[in-house]
Number of protein chains: 2
Amino acid sequence: MVTGDGSYIKKINRSNILSEIFEHHKISRASLSKVTGLNKATISVQVNDLLKEDLIYETQEEHHSVGRRPILLSINEKAAYFLGIDLDHDQLLFNITDLKGNTVKYEKVDLHTDIYDEIVTLIADHIKNYEAFFSSARYGLVQTVIAIHGTISTDNRIHFIPRNQWREKDILSDLNKLGIHNVTIENNANLSAYAERIFQYHKSENLLNINLSSGIGAGIVINGELHKGYHGHAGEMGHMIIYPKGKPCRCGNEGCWERYASEPTFFENAKKILERNIETHADIKQLLNEKNEGIIRALNDWISNLAIGLNNVINLYNPEMIVLNSPILKIYPDSLIEIKKHLISSVSQYRDIVLSGLGAKASVVGACAMGIQHFLELPHLTLSETNNSIAI
Amino acid sequence: MVTGDGSYIKKINRSNILSEIFEHHKISRASLSKVTGLNKATISVQVNDLLKEDLIYETQEEHHSVGRRPILLSINEKAAYFLGIDLDHDQLLFNITDLKGNTVKYEKVDLHTDIYDEIVTLIADHIKNYEAFFSSARYGLVQTVIAIHGTISTDNRIHFIPRNQWREKDILSDLNKLGIHNVTIENNANLSAYAERIFQYHKSENLLNINLSSGIGAGIVINGELHKGYHGHAGEMGHMIIYPKGKPCRCGNEGCWERYASEPTFFENAKKILERNIETHADIKQLLNEKNEGIIRALNDWISNLAIGLNNVINLYNPEMIVLNSPILKIYPDSLIEIKKHLISSVSQYRDIVLSGLGAKASVVGACAMGIQHFLELPHLTLSETNNSIAI
DNA sequence: TTTATTTGTTTAAAAAACAAACTAACTGTT
DNA sequence: AACAGTTAGTTTGTTTTTTAAACAAATAAA
């Protein structure tokens with residue numbers, strides 16, 4: 001229960017002030033008072049606290065209007081660092097951002113093993129290195145969030161990762177045993193949705209991020225919050241039935257969406273249509289450059305099945321933004337046009353549908369953003385996408 | 001923006017105290033202090049406010065343990081009354097509850113017109129009568145909430161009601177012109193979901209209420225809040241495509257769920273299977289009593305299509321409770337067993353699926369509950385279903 | 001009758017926001 | 001250069017609300 005004592009309200013105001021500093025980048029005490037509605041004196045007290053904690057700093061600039069020159073406040077991005085890890089079946093992505101969400105380190109590590117213990121040890125070693133490297137910062141490396149390509153149970157264990165066939169792995173306590181703390185895990189599609197909202201579509205209270213890869217997974221933001229469902233499995237929407245008595249699926253049903261619209265099914269079908277081998281995204285690009293008609297037919301066939309599921313999802317959620325994260329769609333210049341052609345229902349409505357600009361990095365930058373929001377206890381956060389990669 | 005000043009925190013505490021009194025029915029100041037975590041003195045101050053406002057009253061009971069006998073506090077149910085109206089194409093339902101959510105008046109009015117202005121006038125006349133009748137109560141008839149069998153736009157107008165073919169009707173200002181104020185409108189499926197949560201499944205943070213009638217409409221509670229979507233159209237899930245290139249639908253697509261699983265489609269199909277006329281729910285009951293095999297086949301056929309959509313909805317939302325509100329399912333004793341037989345996916349998970357106990361009254365009691373929650377500004381509300389109809 | 005215990009109130013103190021007065025700093029005008 | 005006008009930020013004292021602790025009231029058990 002939220003007990004409403006004095007310190008609680010101070011916390012609310014602190015969060016609001018921090019959020020405004022994030023959003024305005026540079027803002028004076030006087031302006032903060034105006035945008036938050038809080039008294040100038042209140043702002044001064046809170047700002048002094050934040051300065052003492054080194055979370056913000058003061059600067060001054062040239063000023064060409066009447067009155068005293070304001071002191072501008074900014075987030076002290078060098079105060080704390082956050083690590084996001086994408087744990088995929090064949091590679092690990094590591095991404096570190098500062099407190100403002102700028103990427104300062106990005107690393108891709110190919111996996112040559114699928115043994116759980118080895119991978120956990122590898123992750124632990126990396127975290128230890130990063131922690132040492134950032135230890136001189138005011139708060140050091142504060143938190144690590146790991147993106148999981150599978151489901152997470154309510155007790156924060158990995159429930160199931162299809163590609164690795166890992167079940168009920170308590171990765172947090174396994175990392176604990178290796179001396180690594182301050183780690184949380186979250187579904188990768190959820191983190192991607194989170195990233196799209198915080199870095200791109202700040203105003204969207206109803207946002208859907210759909211990742212097409214080996215399966216179809218979605219992250220869902222509703223009323224501004226992640227929607228995880230009762231067991232934490234919401235968004236596993238690849239197993240929506242779109243062809244009753246269709247292709248059998250490992251889930252036990254027949255005709256699931258991901259048997260028709262995931263990326264692997266595209267390659268299967270394209271092989272049949274083109275009567276030649278096609279295996280990589282580069283192959284698709286090549287064929288498109290050659291203006292091969294078969295590949296366009298294959299793409300449009302695939303998109304028509306994709307659109308059936310999209311229609312259904314839209315019908316249920318009435319989302320504001322739909323962000324599609326798919327390498328194939330990214331390659332095909334007409335993909336959005338073709339998708340929208342199929343979304344003709346007068347009832348299934350949405351505001352806009354776009355391709356992800358964050359792409360494969362979405363989950364890791366979302367992970368870092370989640371760390372920032374948690375560290376500062378912010379109810380809302382907006383960051384700008386300035387991923388200026390700095391070599392370590 | 002939530003400005004955190006002193007009065008805000010008092011409001012939070014007041015809401016928590018009121019919620020606890022609702023939940024415990026009778027509770028002493030000392031117990032309130034324990035369950036809320038607030039200091040006894042704080043409770044005393046707030047309770048005195050509530051007593052002065054006549055929102056609660058004191059009683060004492062026999063007491064057989066050591067120590068001073070507690071003074072028990074209860075909600076003063078006679079302080080305020082709330083009206084819910086279900087605006088259907090052929091009838092109006094009026095339901096009035098007291099402040100504790102007990103029904104004190106229920107009225108059904110058959111409509112012999114489909115002219116918008118006439119119906120609005122009829123509604124206004126009823127509200128005026130009820131307002132007069134309850135005018136002697138401390139706060140009188142506080143608020144009216146109207147359940148709409150269609151979509152509502154974000155500017156609080158009726159967007160579209162399919163059965164009436166009403167579009168963009170500003171019913172609130174039309175009622176205003178007739179001297180009726182304090183009215184809000186809400187989708188009937190949303191209000192039903194709301195009712196199921198507040199009267200029945202208090203603990204369910206992820207609840208889906210699916211109404212089967214002329215179409216299929218759902219109310220969705222996610223993270224404890226109603227999910228309305230960007231345009232307010234979330235839950236119009238009847239237009240999910242389950243048979244690509246199937247039966248054409250008025251929405252512009254083909255193979256929509258409601259062309260296979262709404263109640264009218266059951267009657268259509270049953271006629272074909274049984275080769276005789278079947279038009280009412282009483283007919284179904286009759287045939288079931290006669291142990292007619294055709295009706296069971298027709299029901300099970302219909303349910304298998306219903307289950308395809310349910311599988312999809314479950315797959316997307318991972319809900320805790322699914323409440324089905326359908327007269328046909330209510331008649332057929334095996335309906336839940338048959339539905340569950342089809343929900344075999346290892347991925348589509350839910351906690352439980354049940355038939356609505358509130359039935360046709362769900363929307364109107366939900367409407368009253370919404371009025372109560374709004375009047376007292378409660379973040380959470382739990383009511384018990386004691387609809388002791390008292391003739392006016 | 002006394003003791004222990006629980007309930008509820010009173011009183012004083014602390015925390016936090018606010019309003020208003022004040023100081024500081026700056027531009028533009030005379 | 002002096003001064004008026006304006007905006008930024010701080011200080012002072014007040015108000016609101018909660019809390020802790022002491023106190024009063026009521027009651028069962030010893």
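Because only heavy atoms are used, hydrogens play no part in the values below, and waters and symmetry mates are left out as well, while side chains stay in. Proteins get letters first, then strands, A, B, ... in listed order; numbering begins at 1 in each.
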Please tell me which of the listed nucleotides, D/dG9, C/dG8, D/dT18, lies nearest to the side chain of B/I9? D/dT18

Are OP1 or OP2 of D/dA26 and a side-chain N or O of B/Q60 less than 4.0 angstrom apart? no

side-chain N/O B/K10 vs C/dA17 OP1/OP2, d < 4.0 Å: no

How close or far is atom P of D/dG9 from atom CD1 of A/I56, stated in whole angstroms? 11 Å

Taken to the nearest whole Å, CD/B/E61 to P/D/dT27 is 14 Å

Just to confirm, is there a sub-4.0 Å distance from OP1 or OP2 of D/dA20 to any side-chain nitrogen or oxygen of B/N39? yes

Distance, rounded to the nearest Å, where A/I27 contributes CD1 and D/dA8 contributes P: 11 Å

Verify the distance criterion only: is there a donor paired with an acceptor across the side chains of A/H227 and B/N223 at less than 3.5 Å? no

Pair A/R138 + A/E53: basic N to acidic O under 4.0 Å: no

Quick one: label B/A30 by what it contacts on the DNA or RNA (base, sugar-phosphate, nothing), any heavy atom closer than 4.0 Å. sugar-phosphate

Just N and O in the side chain of B/K40: are any of them under 4.0 Å from OP1 or OP2 of C/dT11? no

Between B/D49 (CG) and D/dT17 (C1'), how many Å, whole number? 11 Å

Basic-acidic side-chain contact under 4.0 Å: A/E58, A/R29: yes

Please confirm whether the shortest side-chain N or O distance from A/Q46 to OP1 or OP2 of C/dA17 is below 4.0 Å. yes

Send over the distance from B/I12 CD1 to D/dT18 C1', rounded to a whole Å. 13 Å

Would you kindly give the CG-to-C1' distance between B/N16 and D/dT18, to the nearest whole Å? 14 Å

Given DNA chain D, 5'-ward residue of the pair A/L72 and B/R14, judged by closest heavy atom: A/L72

Of A/G67 and A/T42, the one whose closest nucleotide on DNA chain C sits nearer the 5' end is A/T42

So if I take every side-chain heavy atom of B/R69 and compare against D/dT27, D/dT10, C/dG8, which nucleotide ends up nearest? D/dT27

Taking the basic N atoms (NZ, or NE/NH1/NH2) and the acidic carboxylate oxygens, is any pair closer than 4.0 Å for B/R14 and B/E377? no

Does D/dG9 have its OP1 or OP2 closer than 4.0 Å to a side-chain nitrogen or oxygen of A/S44? no

Mind calculating the distance between NZ (A/K11) and C1' (C/dA15) to the nearest angstrom? 16 Å

Answer yes or no: does a side-chain N or O of A/N13 lie under 4.0 Å from OP1 or OP2 of C/dA16? no

Distance criterion of 3.5 Å, no angle test: do you see the side chain of B/R68 paired donor-to-acceptor with the base of C/dT6? no

Between B/R29 and A/V45, whichever has its closest DNA chain C nucleotide further toward 5' is B/R29

Checking all strands, does A/I43 fall into the base, sugar-phosphate, or nothing category for heavy-atom contacts under 4.0 angstrom? nothing

I need the minimum non-hydrogen distance between A/Y130 and A/L141, along with the two atoms involved. CB-CD2, 4.0 Å

Atom CG of B/L51 and atom C1' of C/dT9: how far apart are they, to the nearest Å? 14 Å

Any side-chain N or O of A/S28 less than 4.0 Å from the OP1 or OP2 oxygen of D/dG9? yes

Ion pair check, B/E186 and B/K228, cut-off under 4.0 Å: yes

C/dC18, C/dG8, C/dA16: which one has an atom nearest the side-chain heavy atoms of A/L38? C/dC18

